[in-house]
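Atom set for the values below is all heavy atoms of this structure, side chains included, hydrogens, waters and symmetry mates excluded. This structure is a prediction, so every number in the text was calculated from the model and none was measured.
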Amino acid sequence: MATAGLDHDAFEGIVDSIKEFAGRRLSDGALLEFDAADEMPLELVRAMCGSELGLALLFVPEEFGGIGAGAMNVYRICELLAGIDLGIATGVLATSLGSDPIRVGGTHEQRKRWLTRIGSEGLLVAYAATEPEAGSDLAALRTTAVRVGAGYRINGRKQWISNGGVADVYCVLALAPGGPSWFVVERDAVGLRTGKREEKHGIRASNTAAVFFDDVAVDADRLVGGVEGQGLLQAQAVFGYTRLMVAAFGLGAGWNALDRAIAYSRERNVSGGPLSEKQGYTHKLLVPNAVALEAARAFVEETAIRIDEGEGNLITEGAIAKLAATEAANQAADAALQALGGYGFVREYMVEKIRRDARITTIYEGTSEIMEMTIARDRWQAHLKTRGDHYHEQARSLMRLAERQADCGAVAASLALDALAEVLEQCRLQHLTRSQHILLRLGETIAQVECAASLVRRAAAAADGALHTQSSLRFDAPQLAAMARVCARDAALRACDAGIRWSGASAQEMTLADVHAAQAGLLVDMDLVAGALYGRATETAPQREPAMAGVAS
């Protein structure tokens with residue numbers, strides 16, 4: 001099946017343009033000023049969406065004058081933008097989210113009218129769905145759209161709306177007589193007004209505001225799709241994609257923080273040497289977080305490729321990617337702040353700002369807790385439908401991979417998958433999924449294990465020279481293999497711990513002895529990862545994985 005998106009040269013041209021623009025207009029000093037002023041640099045964002053960079057065109061299909069970028073393209077660009085400034089990235093990408101109901105649910109005439117204008121005029125769009133009393137529960141709507149003559153009157157309030165105070169166009173979710181429906185409302189509509197900008201903890205260079213609708217009249221042709229009651233389906237149709245983009249935000253912010261900690265440690269001398277040579281610094285604050293970010297990246301890339309190949313929405317995969325990447329970003333930013341010591345705690349240094357900015361990624365586009373519930377419910381059903389074989393089959397697949405690529409962490413990841421399958425089975429036998437807390441913890445563990453398996457596959461693909469042409473190439477195949485081994489060991493141990501902690505399953509059922517044996521060589525691999533982060537050679541040989549009991553090495 002053909003893969004959607006830009007070719008390599010076109011994609012690299014866009015990347016180069018963004019970097020050049022950022023070099024001219026988005027210095028650290030400028031970004032700190034935007035943050036201190038708590039003001040969106042509207043002229044800059046409009047230039048990025050329209051006149052100078054034309055980023056709005058990325059999200060518009062070619063038939064309507066856009067570029068029609070694929071999920072893989074957009075993930076990489078989202079990461080790049082967030083690595084510059086997460087607030088500005090939010091302002092730019094809010095237009096993509098805001099126009100998604102039109103893109104996936106609009107009639108041909110609506111898509112032609114609005115998407116063409118968004119691309120050619122660089123219009124800013126707001127996704128007006130969240131309400132004060134409903135939060136992420138889109139079904140709990142109080143905003144209404146009542147039929148009046150040939151059109152509708154919209155009344156209600158939306159809260160926490162990105163671009164809410166500056167948008168040119170609003171996609172508004174309202175309860176029509178036929179059910180939740182999206183409507184397109186322009187900024188100059190009579191009765192539409194916006195609240196003051198929210199004074200936020202982070203992403204202060206973005207605009208967030210309440211939007212009020214007081215008897216706002218819209219014609220019937222503003223009903224997205226022309227049929228009432230399709231709003232929730234239209235919203236769900238893009239969750240996998242939009243959450244993947246927020247996951248990319250996490251990657252950008254997390255690596256921005258770690259890169260600054262790495263640079264700081266090269267210059268900072270303690271006890272006779274630079275911090276970059278101290279395991280207490282590298283192995284605690286940098287290595288685990290770099291591994292977690294790259295595990296999330298592996299899952300993001302796998303999901304983006306599947307979306308581009310036409311596999312559909314992949315809601316659960318989008319939730320796993322978002323949960324893993326954004327939680328990793330927050331931990332990385334926190335560690336980077338710690339790594340800079342007192343310098344990290346003051347606003348003169350970017351790490352403090354990045355730490356505040358990253359916090360939003362676990363909240364908007366669905367909180368981490370919603371992601372955990374989404375993941376647990378879906379994978380629980382997969383466990384039941386396959387009579388417990390869902391993760392065992394994936395474990396067998398990784399063992400086959402281990403026969404071909406012995407050094408990429410496949411054995412430990414296979415142990416993690418088998419342990420996860422046993423955890424789910426114990427939950428079935430003991431009816432543990434009646435507890436919401438257990439479901440949330442299952443969602444967390446499932447995301448960790450699936451990302452570890454993805455990183456193993458990514459390391460194997462790198463060794464085979466088979467990575468996607470637009471994959472991130474920060475680390476080479478041996479470095480990815482070391483990361484995959486570190487990650488897989490941790491995932492196996494966590495899966496066993498989850499089983500023992502929540503279901504009381506025995507160590508034998510959780511294959512704990514094999515998991516403990518697989519931890520051998522962990523410190524050596526952490527040394528290898530630290531070397532990769534600093535671009536230095538290491539004399540330590542790669543670690544071959546121990547075989548599982550009963551499996552030939």
> Could you go step by step and tell me if Met72 and Ser471 meet the side-chain contact (heavy atoms from CB on, under 4.5 Å) rule?
Replying inline: CA-CA 8 Å; Met72 193 72 173; Ser471 289; 3.8 Å; yes
>> With a 4.5 Å cut-off on side-chain heavy atoms, are Ile67 and Ile14 touching?
In response: yes
>> Counting C-beta onward and ignoring hydrogens, is there a side-chain heavy-atom pair between Leu442 and Arg379 closer than 4.5 Å?
In response: no
>> I'd like to know if the side chain of Arg306 pairs up with that of Thr303 as donor and acceptor (distance under 3.5 Å, no hydrogens or angles considered).
In response: no
> Mind checking what makes side chain to side chain contact (heavy atoms under 4.5 Å, CB included) contact with Glu43, not counting sequence neighbours?
Replying inline: Arg25
>> Please give me the minimum heavy-atom distance between Ser206 and Gly87, naming the atom from each residue.
In response: CB-O, 3.2 Å
> Is the backbone of Asp476 close enough, under 3.5 Å, to the side chain of Gln479 for a donor and an acceptor to pair up by distance?
Replying inline: yes
>> Please determine whether salt bridge (Lys or Arg N to Asp or Glu O under 4.0 Å) holds for the pair Glu294 and Arg474, giving the CA-CA distance in whole Å, both sets of side-chain angles, and the decisive distance to 0.1 Å.
In response: CA-CA 10 Å; Glu294 289 308 296; Arg474 179 178 184 130; over 6 Å; no
>> Could you check whether atom CZ of Arg501 has more than 12 heavy atoms from other residues, nucleotides or ligands sitting under 6.0 Å from it?
In response: no
> Is any NZ, NE, NH1 or NH2 atom of the basic residue among Glu52 and Arg46 found under 4.0 Å from an Asp or Glu carboxylate oxygen of the other?
Replying inline: no
> If you draw a 6.0 Å radius around CD in Gln436, do more than 12 non-hydrogen atoms from other residues or ligands fall strictly inside?
Replying inline: no
>> Enumerate the side-chain hydrogen bond (donor to acceptor under 3.5 Å, both in side chains) contacts for residues 72-85, please, sequence neighbours excluded, ordered by first and then second residue.
In response: Asn73-Gln470, Tyr75-Arg297, Tyr75-Glu301, Glu79-Arg297, Asp85-Lys353
> Can Val529 and Asp525 be said to form a side-chain contact (heavy atoms from CB on, under 4.5 Å), step by step?
Replying inline: CA-CA 6 Å; Val529 175; Asp525 279 333; 5.5 Å; no
>> If you define the side chain from C-beta out and look only at heavy atoms, does anything of Trp160 sit under 4.5 Å from Pro132?
In response: no
> Okay, side chain of Asp308, backbone of Ala71: is any donor-acceptor separation there less than 3.5 Å?
Replying inline: yes
Solution key, residues 333-347 side-chain donor-acceptor pairs under 3.5 Å, sequence neighbours excluded:
residue, atom, partner, partner atom, Å
Asp334, OD1, Arg355, NE, 3.3

> Between atom OG1 of Thr90 and atom CE of Met40, what is the distance when rounded to the nearest 0.5 Å?
Replying inline: 9.0 Å
> Does a donor on one side chain sit under 3.5 Å from an acceptor on the other, for Gln405 and Asp464?
Replying inline: yes
> If you measure from CZ on Arg204 to CG on Asp38, what distance do you get to the nearest 0.5 Å?
Replying inline: 4.0 Å
> What residues, two or more places apart in sequence or in another chain, satisfy side chain to side chain contact (heavy atoms under 4.5 Å, CB included) together with Leu493?
Replying inline: Val515, His516, Gln519
> Could you go step by step and tell me if Lys200 and Asp357 meet the salt bridge (Lys or Arg N to Asp or Glu O under 4.0 Å) rule?
Replying inline: CA-CA 9 Å; Lys200 304 188 297 293; Asp357 287 349; over 6 Å; no
>> Is it the case that over 12 heavy atoms from other parts of the model lie below 6.0 angstrom from the CZ atom of Arg359?
In response: no
>> For the OG1 atom of Thr367 and the CE atom of Met373, what is their distance to the nearest 0.5 Å?
In response: 10.0 Å
>> If we count only N and O atoms by modelled type, under 3.5 Å, do the side chains of Tyr391 and Glu450 hold a donor and an acceptor together?
In response: yes
>> According to ring pair (Phe, Tyr, Trp, His ring centres under 6.0 Å), does anything in residues 252-286 pair up with another residue at least two apart or in another chain? List the pairs.
In response: Trp255-Phe475
>> Using the ring pair (Phe, Tyr, Trp, His ring centres under 6.0 Å) criterion, which residues pair with Tyr127? Sequence neighbours excluded.
In response: Trp182
>> Going by the rule side chain to side chain contact (heavy atoms under 4.5 Å, CB included), which residues pair with Thr326 if we only count those two or more places apart in sequence or in a different chain?
In response: Val246, Lys322, Thr361, Thr362, Ser368
> Any side-chain heavy atom of Ile375 within less than 4.5 Å of one from Leu323?
Replying inline: yes
> Does the side chain of Asp378 reach to within under 4.5 Å of the side chain of Glu317, using non-hydrogen atoms?
Replying inline: no
> So, Glu39 and Arg197, do they make that salt bridge, N to O below 4.0 Å?
Replying inline: yes
>> Just to verify, what does His437 make a ring pair (Phe, Tyr, Trp, His ring centres under 6.0 Å) with, not counting sequence neighbours?
In response: Trp502
>> So, taking the atom named CZ in Phe299 and the one named OG in Ser454, what distance separates them when rounded to the nearest 0.5 Å?
In response: 5.0 Å
>> Could you check whether any side-chain heavy atom of Met245 comes within less than 4.5 Å of a side-chain heavy atom of Glu365, counting everything from C-beta outward?
In response: no
>> Strictly distance-based, threshold 3.5 Å: is any side-chain N or O of Arg356 a donor or acceptor partner for the main-chain N or O of Gly202?
In response: no
> Mind checking what makes side chain to side chain donor-acceptor pair (under 3.5 Å) contact with Ser276, not counting sequence neighbours?
Replying inline: none
>> Looking at Gly165, is its backbone amide N or carbonyl O close enough to the side chain of Asn207 to form a donor-acceptor pair, meaning the two atoms are under 3.5 Å apart?
In response: yes
> Just by distance, do the side chain of Arg485 and the backbone of Leu522 share a donor-acceptor pair under 3.5 Å?
Replying inline: no
> Quick check: does any side chain N or O of Ser414 sit under 3.5 Å from a backbone N or O of Met399, one acting as donor and the other as acceptor?
Replying inline: no
> With a 4.5 Å heavy-atom cut-off, do Ile203 and Tyr364 have their side chains touching?
Replying inline: yes
> For the atom pair CD (Glu369) and OG1 (Thr374), what is the distance rounded to the nearest 0.5 Å?
Replying inline: 11.5 Å
>> Using the rule given for side-chain contact (heavy atoms from CB on, under 4.5 Å), can you reason through Ile18 versus Ile84, listing the C-alpha separation, both sets of side-chain angles and the distance that settles it, and then say yes or no?
In response: CA-CA 10 Å; Ile18 293 171; Ile84 297 167; 3.9 Å; yes
>> According to salt bridge (Lys or Arg N to Asp or Glu O under 4.0 Å), who are the partners of Glu327, at least two apart in sequence or on a separate chain?
In response: none
>> Tell me every residue that passes side chain to side chain contact (heavy atoms under 4.5 Å, CB included) with Glu444, counting only those two or more places apart in sequence or in another chain.
In response: Glu372, Arg441, Gln448
> Would Leu124 and Cys49 count as a side-chain contact (heavy atoms from CB on, under 4.5 Å) if you check the C-alpha gap in whole Å, the side-chain angles of each, and the deciding distance to 0.1 Å?
Replying inline: CA-CA 8 Å; Leu124 299 185; Cys49 288; 3.7 Å; yes
>> Between Thr282 and Glu277, is there a side-chain heavy-atom distance shorter than 4.5 Å?
In response: no
>> I need the full list of ring pair (Phe, Tyr, Trp, His ring centres under 6.0 Å) pairs touching residues 17-50, with sequence neighbours left out, sorted by first then second residue.
In response: none
